[in-house]
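First the proteins, then the strands, lettered A, B, ... as listed; each starts at 1.
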Amino acid sequence: MIKITLPDKSVKEFPKGVTGLEIARSISEGLARNVLSIEVNGETWDLDRPIHHDARVKLNTWDDSEGKATMWHSSAHLMAAAIEELYPGTKFGIGPDIENGFYYDIDLGEKTISSKDFEQIEQKMLEIARRKEVFVRTEVPKEEALAFYQDKGDEYKVDLISDLEDGTISFYKSGKFTDLCKGPHLIDTGPIKAVKLLNTAGAYWRGDESRKQLTRVYGISFPKQKMLREYLEMLEEAKKRDHRKIGRELELFTFSARVGQGLPLWLPKGAELRENLEKFLKQLQRKAGYQPVITPHIGNRNLYEISGHYEKYGEDSFRPIKTPSEGEEFFLKPMNCPHHCEIFKSRQYSYRELPIRFAEFGTVYRYEQSGELHGLTRVRGFTQDDAHIFCRPDQVKEEFTAVIDIVLHIFRALDFMDYSVQISLRDPDDMSRYIGTEANWEKAEKAIIEATAEKGLKADIVTGEAAFYGPKLDFMVKDALGRKWQLGTIQVDYNLPERFELEYIGSDNQKHRPVMIHRAPFGSMERFVAVLIEHCGGNFPLWLIPDQAIILPISEKYEEYAKKVLHLLKNYEIRTLLDERNEKTGKKIRDAETRKIPYMLIVGEKEEAGGTISVRKHGEGDLGTYSIDEFAQMIHREIDRMISAR
RNA sequence: GCCGAUGUAGCUCAGUUGGUCAGAGCAGCUGAUUUGUAAUCAGCUGGCCGGGGGUUCGAAUCCCUCCAUCGGCUCCA
C-alpha cells in the first residue's frame, strides 16, 4: 500500500500502482467524470499512469489551469490528427497548449491553409473526438524514435529528437496519429466537446528568423459547447474596448498613410487627454525634485557612437540626415539619455547636489519593422515621459525605490491595479549584446533586485531581456485581448556614465562617477493612453477626461441660461461643453452618452427659474437637481478623491 | 522584414457566377419642429470601389504590383 496525500492534507491508502483515475473514482463518480489530469508531487501526469510511491496529488479538472492545459495540449494532438487525415504528408513542428488554447506549427509543403478550411478541420476533429480515441503512451529508444521520423520524412521532429538527451523517448498515439510528446494527456479524446480554430500565422521554426517559416494554426477547445459560445462572446466584447476603435469613435487620434505608418496624429480630444496626463506627472515630479529640461529631436552621429546606440542599432534604424555642405550626419533621437548626459556635463556638480534629476517629455523615433506596428501601442514616433537621475552610488537604492513609488502612485490614481512586474537581466551566455563591464552589470542587477524586494513587489526575473546598457524593472499591463505590453520602466545604468565620462566632485575633492537611473513611469504616452483606453473602455477618470460635463438645454428658449451656466462652470474650472443643436433632449442625451461624457446637465424652464441644473451621470442616469455651486463642489471632491494617493 | 487575411462615402456595412452595382443606415448640410432623461420628420450633398498596371467587348468583381490595415512570427534602445 502507498499513502496518497490530497490537497486538503487528508491521507488515503491505495494499492501500489494506483492511477489518478482510480483515486478520483474513490472520491466520487462525478470527479472521475470531470478529472482531466493529475499532479503528482507537483508534476502533471496522465490519469492512467500508475503511481508506485507515496505522493502528494492534486486532481485537475477544467477549473484548474493545469486541467485546461492538459485538455488543450490533447486538443493540439487532436487537431494534428485531423490535419494529417485531411492533408496527408503534412510535417509537424511543435504543438503546445498556451494561455488561451493551443497551436500547432505545421509544414504543408506546397499547400496552404486558411480560415476557409477551418470548418472542415473542426468537423474532422469533433468526429475523431467522438470516437474517444485513447491516448496511448509508449517509450522507445532514441534511435528508434529518430528512425520513425526519418522514415516519415519529418525533419522537424528529427531536429527535436536530436536535441533530446539519449535514453528513452515518449510517444503518444491516439487513433492513427502518433506524436513525439512528453505528455501528459487526457485518457481519451472524449472530453473535447467543442473546438474552434481561431487563426493562422507564420511562425519561424524554433523562433529563428533565418529558418523556415511554418504555418501556425491557433485553436481553442472546451468540454461544453456553451463554454465555447461564451468565450467567443467574450472576445467580441473585448474587441469593443480596442483602443483603435475607441480612439476613432472618441476622436482621440488617427493615422495617415501620407504622413507615414506608425506615426500617430493626436486629435484635439486626444491631445487634451494626453496633456492632462502630462500635467499630472509634471506636478508629481516637481514635488519629487525633478527639473525639466528640453532637448532637440536629432543628435549628431558622434553622440550615438559614444552612447553605443549607433553600433547597436545604427544599421537597423532610420538613415542619417546629412547636412548639405559640411557632410555632418544627424540621427532622429531614439532615446533621450545621451542628450541628458550632455546636459549633466555642461557644468561641474558637487556630491552635495546629487541626485540631479532631469525630466523631459521627449519624443523619440525608432524604426520598427512594418509588421510590428500596432495602433498606439507600437509606433515609430512616440513621446517618453523620460527622466534621468544622476546619483552617487550610495543613493541608488533610495532613488530607485522613490521611482517605484511614483509608478505605483500613478497606477493607483488611474485605478490600474492589474499589472505585473518583470526584472529583466542580461543573458550571461551572450555578453556581446551588451556594453560595460561584468562588475557594473552585477552592481546594477543587484540594486534592482534589492530595491524591488524592499518594496515588496513580486517580480518575474527574466534573463536576456535587459537593455544593452543596463538591467530593467518593467511594469507590464495586458490589453483588451490579453496581449502584454510594457508600460513603466526603471533602469539602473553604470555604463553610459562611463562612456560619457560623467563626473562629480566627492567630499574627498576627487572626481567620482555617478550612476544613472533611466525611468519612464508611463513608458510612452502613446502606449500608455492605448492601454488606459482599453482598461477603462473609454470611460476615463473624471480628472483626466477632456470633457467633464455637457449642458443640454431643453430648447432654444433656455440657451441664454445655458450659456450662463457654462460660464459659471468654466470659472469653476470644470471642462464643460454646450449642446446648442436643435434636437430633442432624448437625442442630446443619447449622443452625450455615446461620447461617454461623465455629466449631462439638463436645463429648462424649472432650472432657469431656480438657478439650478438637472444632473445626469453617464451610465447611471438622473441624479436630481443641483445648484451650480453644489455641482462644482461635487465634481471637485470626486476628483480629489481620485488623484490624492490612496 | 516574414506568413496569412483584408481594403466599397467621415463611420459601420450590402453589392450573387465579370454585364444599369455605385447602394443602405449613421454622421454632415438645408428646411420644418421648440422639444424634459438613450435616436422628431422631410429633402439634399457625398465614393477614381486603397494607388498603379494588365486580362476582357465590358472589371468594385479576375491577374500582377505597390500602399495601408488586421492576426501572428521575428524584433522592441
Side chain of [X]: nearest nucleotide among [options]?
X	options	answer
Gln261(A)	U37(B), U69(B), U40(B)	U69(B)
Arg590(A)	C73(B), A39(B), C76(B)	A39(B)
Glu368(A)	G4(B), C75(B), C3(B)	C75(B)
Ile602(A)	U37(B), C76(B), C73(B)	U37(B)
Tyr313(A)	C73(B), C76(B), A39(B)	C76(B)
Asp622(A)	G72(B), C76(B), U37(B)	U37(B)
Ser370(A)	U37(B), C73(B), G1(B)	G1(B)

May I ask you to verify whether the side chain of [X] and the base of [N] hold a donor-acceptor pair under 3.5 Å?
X	N	value
Glu607(A)	G36(B)	yes
Arg258(A)	C67(B)	no
Tyr204(A)	G72(B)	no

Are OP1 or OP2 of [N] and a side-chain N or O of [X] less than 4.0 angstrom apart?
X	N	answer
Arg483(A)	G72(B)	yes
His374(A)	C76(B)	no
Arg616(A)	G36(B)	no
Lys587(A)	A27(B)	yes

At under 4.0 Å between heavy atoms, what does [X] touch on the DNA or RNA strands: base, sugar-phosphate, or nothing?
X	answer
Tyr103(A)	nothing
Ser614(A)	base
Lys212(A)	nothing
Lys588(A)	nothing
Gly586(A)	sugar-phosphate
Thr585(A)	sugar-phosphate
Gly207(A)	sugar-phosphate
Phe255(A)	nothing
Glu583(A)	base

Have a look at Glu99(A) and tell me which of Lys484(A), Lys68(A), Lys478(A) forms a salt bridge (charged side-chain N to carboxylate O under 4.0 Å, His left out) with it.
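Between Glu99(A) and the candidates, salt bridge (charged side-chain N to carboxylate O under 4.0 Å, His left out) is satisfied uniquely by Lys478(A).
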Identity of whatever pairs with [N] - Watson-Crick or G-U, under 3.5 angstrom:
N	answer
G19(B)	C57(B)
A24(B)	U12(B)
C76(B)	none
U34(B)	none
G43(B)	C29(B)
G4(B)	C70(B)

Relative to the ring of [Y], is the ring of [X] parallel (under 30°), tilted (30 to 60°) or perpendicular (over 60°)?
X	Y	result
Tyr304(A)	Phe331(A)	perpendicular
His243(A)	Phe253(A)	tilted
His77(A)	His73(A)	perpendicular
His374(A)	Trp485(A)	tilted

Can you check whether [Y]'s main-chain N or O pairs, donor with acceptor, with [X]'s side chain at less than 3.5 Å?
X	Y	value
Glu607(A)	Gly604(A)	yes
Lys312(A)	Arg433(A)	yes
Asp385(A)	Gly523(A)	yes

Are the side chains of Asp105(A) and Phe92(A) in contact, using a 4.5 Å heavy-atom criterion?
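Of all side-chain heavy-atom pairs linking Asp105(A) with Phe92(A), none is under 4.5 Å.
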OG1/Thr215(A) to OH/Tyr104(A) distance, rounded to the nearest 0.5 angstrom?
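Reported to 0.5 Å precision, the distance equals 14.0 Å.
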Rounding to an integer number of angstrom, what distance separates [N] and [M] when you compare their [atom1] atoms?
N	M	atom1	result
G52(B)	A38(B)	P	48 Å
A9(B)	C49(B)	C1'	10 Å
U69(B)	C11(B)	C1'	16 Å
G58(B)	G18(B)	P	15 Å
G23(B)	A39(B)	P	31 Å
G51(B)	G47(B)	C1'	15 Å
U6(B)	A24(B)	P	26 Å
C64(B)	G25(B)	P	36 Å

Can Asp427(A) and Thr463(A) be counted as having a side-chain donor-acceptor contact under 3.5 angstrom?
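No, no side-chain donor-acceptor pair sits under 3.5 Å.
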Do we see a donor-acceptor contact under 3.5 Å between the side chains of His388(A) and Asn336(A)?
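The criterion, which ignores hydrogens and geometry beyond distance, is not satisfied for Asn336(A) and His388(A).
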Contact list for RNA chain B against residues 234-253 of chain A - heavy-atom distance below 4.0 Å
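Contacts with RNA chain B under 4.0 Å: Arg244(A), Arg248(A).
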Please work out which residues in residues 547-557 of chain A have a non-hydrogen atom less than 4.0 Å from an atom of RNA chain B and list them by number.
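RNA chain B contact set from residues 547-557 of chain A: Ile554(A), Ser555(A), Glu556(A), Lys557(A).
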What is the distance, rounded to the nearest whole Å, between atom [atom1] of [X] and atom [atom2] of [N]?
X	N	atom1	atom2	result
Ile106(A)	G4(B)	CD1	C1'	12 Å
Arg380(A)	A68(B)	CZ	C1'	12 Å
Arg216(A)	C73(B)	CZ	P	6 Å
Tyr561(A)	G36(B)	OH	P	18 Å
Arg595(A)	A39(B)	CZ	C1'	15 Å

Is the charged tip of Arg426(A) near the ring of Tyr434(A): under 6.0 Å from the six-membered ring centre and within 45° of its axis?
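Because its charged atom misses either the 6.0 Å distance or the 45° angle limit, Arg426(A) does not stack over Tyr434(A).
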Pairwise 5' ranking along RNA chain B for Gly375(A) and Ile589(A), keeping only the more 5' one:
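The residue closer to the strand's 5' end, by nearest nucleotide, is Ile589(A).
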Closest-nucleotide 5' rank along RNA chain B - winner of Ser115(A) and Ala201(A)
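By nearest-heavy-atom nucleotide position, the 5'-most residue is Ser115(A).
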Using a cut-off of 6.0 Å, state whether more than 12 heavy atoms not belonging to Lys596(A) lie near its atom NZ.
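Above 12, so yes.
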